[in-house]
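Here is the structure we will look at.
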Amino acid sequence: MTDFQEAWLVPGASERREHRLRYHDGFERTVCTVDHEVPFPDGKLIVSRTDTAGHITHANPAFIELSGYTREELIGQPHCILRHPDMPAAAYRDLWDTVQRGQTWQGHVKNLRKDGAHYWVLATVIPNIRGGVVVGYTSVRRKPSRSQVDACTEQYARMRAEELAT
């Protein structure tokens, strides 16, 4: 089943939209979204690890469940498969600039599920450093507050509008 077919299966989702995304490395793909938020489960943490290129090397069960992908579909894929088209590119530039300097990044992220729905996280991304060299990244995501999500929704919409206007 394709991501586009999955989007029709979201309960309560009435409209499906297609978006063409272009990532920082030139990779492009078409994604399908539906206007349906899946709540972040109470008491859970999402944990994933990537290599230095951002390809997923570990996904915990909470990540697998909330993303809608299987473990096999996630491992080896670029983490940007979760990028929702509402997220401004500037947020990801800031994330990558920060972690590539060996620093920890924290921010709110609207992630895209396989079925086209979305979920919000408060993400902390930590460089994995061995022998003074960054060898990958660990991301720990937790449930954000509703007020934080509402504020980010407005801010990110303004940022995306500016990006699309240029």
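All values reported here derive from a predicted model rather than from experimental measurement.
Screening Thr52, Thr50, Thr138 against Asn128 for a side-chain hydrogen bond (donor to acceptor under 3.5 Å, both in side chains) leaves a single residue, Thr138.
Tracing side-chain contacts under 4.5 Å through hydrophobic residues (I, L, V, M, F, W, Y), one reaches Val134 starting from Trp96; they form part of the same cluster. Under the 4.5 Å side-chain contact rule for hydrophobic residues, Ile129 and Val99 share a cluster. Linking Ile, Leu, Val, Met, Phe, Trp and Tyr whenever their side-chain heavy atoms come within less than 4.5 Å puts Trp120 and Met159 in one cluster.
One distance of note links CG of Leu112 with CD1 of Ile81; it measures 9.0 Å at 0.5 Å rounding. Here Ile56 contributes atom CD1 and Gln77 contributes atom CD; the two are 7.5 Å apart, rounded to the nearest 0.5 Å.
Remark: aromatic rings of Trp105 and Tyr137 are distant, center separation not under 6.0 Å.
By the side-chain hydrogen bond (donor to acceptor under 3.5 Å, both in side chains) test, Asn60 pairs with no residue at all, sequence neighbours left out. In this view, Arg158 satisfies the side-chain hydrogen bond (donor to acceptor under 3.5 Å, both in side chains) rule with no residue, not counting sequence neighbours. Take Glu163 and apply the side-chain hydrogen bond (donor to acceptor under 3.5 Å, both in side chains) test, not counting sequence neighbours, and it matches Arg160. Taking the side chain to side chain contact (heavy atoms under 4.5 Å, CB included) definition, one finds that Gln106 meets it with Leu122, Thr124, Arg142, sequence neighbours left out. Every side chain to side chain contact (heavy atoms under 4.5 Å, CB included) that Ser145 has, sequence neighbours left out, goes to Ser147, Gln148. Tyr92 meets the side chain to side chain contact (heavy atoms under 4.5 Å, CB included) test with Arg83, Met87, Val109; sequence neighbours excluded. Here Tyr119 pairs with nothing under the ring-ring contact (aromatic ring centres under 6.0 Å, His included) rule; sequence neighbours left out. Taking Ser48 as the reference, His79, Arg141 meet the side-chain hydrogen bond (donor to acceptor under 3.5 Å, both in side chains) condition, with sequence neighbours excluded. Applying the salt bridge (charged side-chain N to carboxylate O under 4.0 Å, His left out) test to Glu37 and every residue at least two apart in sequence or in another chain returns Arg146.
Side-chain contacts under 4.5 Å among hydrophobic residues (ILVMFWY), followed directly or transitively, place Leu45 together with Val47, Val140.
Heavy atoms only, all atoms of each residue included: Leu74 and Ile64 are closest at CD1-CG1, 4.0 Å. The two residues Pro144 and Val149 make their nearest non-hydrogen contact at CG-CG2, 3.6 Å. The heavy-atom pair separating Gly76 from His55 by the smallest distance is O-CD2, 3.3 Å. Nearest heavy atoms, Ala117 versus Val38: CB-CG2, 4.0 Å. Across all non-hydrogen atoms, the minimal contact from Leu66 to Arg113 is O-NH1, 2.5 Å. Nearest heavy-atom pair, Pro85 versus Val31, reported as atom, atom and distance to 0.1 Å: CG-CG2, 4.1 Å.
Val121 places a side-chain heavy atom less than 4.5 Å from the side chain of Asn111. Residues Leu82 and Ser67 are in side-chain contact: their nearest non-hydrogen atoms beyond the backbone lie under 4.5 Å apart. With contacts defined as side-chain heavy-atom distances shorter than 4.5 Å, the pair His36/His118 does not qualify.
The salt bridge (Lys or Arg N to Asp or Glu O under 4.0 Å) contacts involving residues 91-105 comprise nothing, where partners must be two or more places apart or lie in separate chains. For residues 41-53, the salt bridge (Lys or Arg N to Asp or Glu O under 4.0 Å) pairs, not counting sequence neighbours, are Asp42-Lys143.
Side chain of Tyr156 to main chain of His108: a donor-acceptor pair is present (N/O by atom type, distance under 3.5 Å, no hydrogens or angles).
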### Verdict with reasoning, Thr104 to Val125, per side chain to side chain contact (heavy atoms under 4.5 Å, CB included)
CA-CA 6 Å; Thr104 298; Val125 182; over 6 Å; no

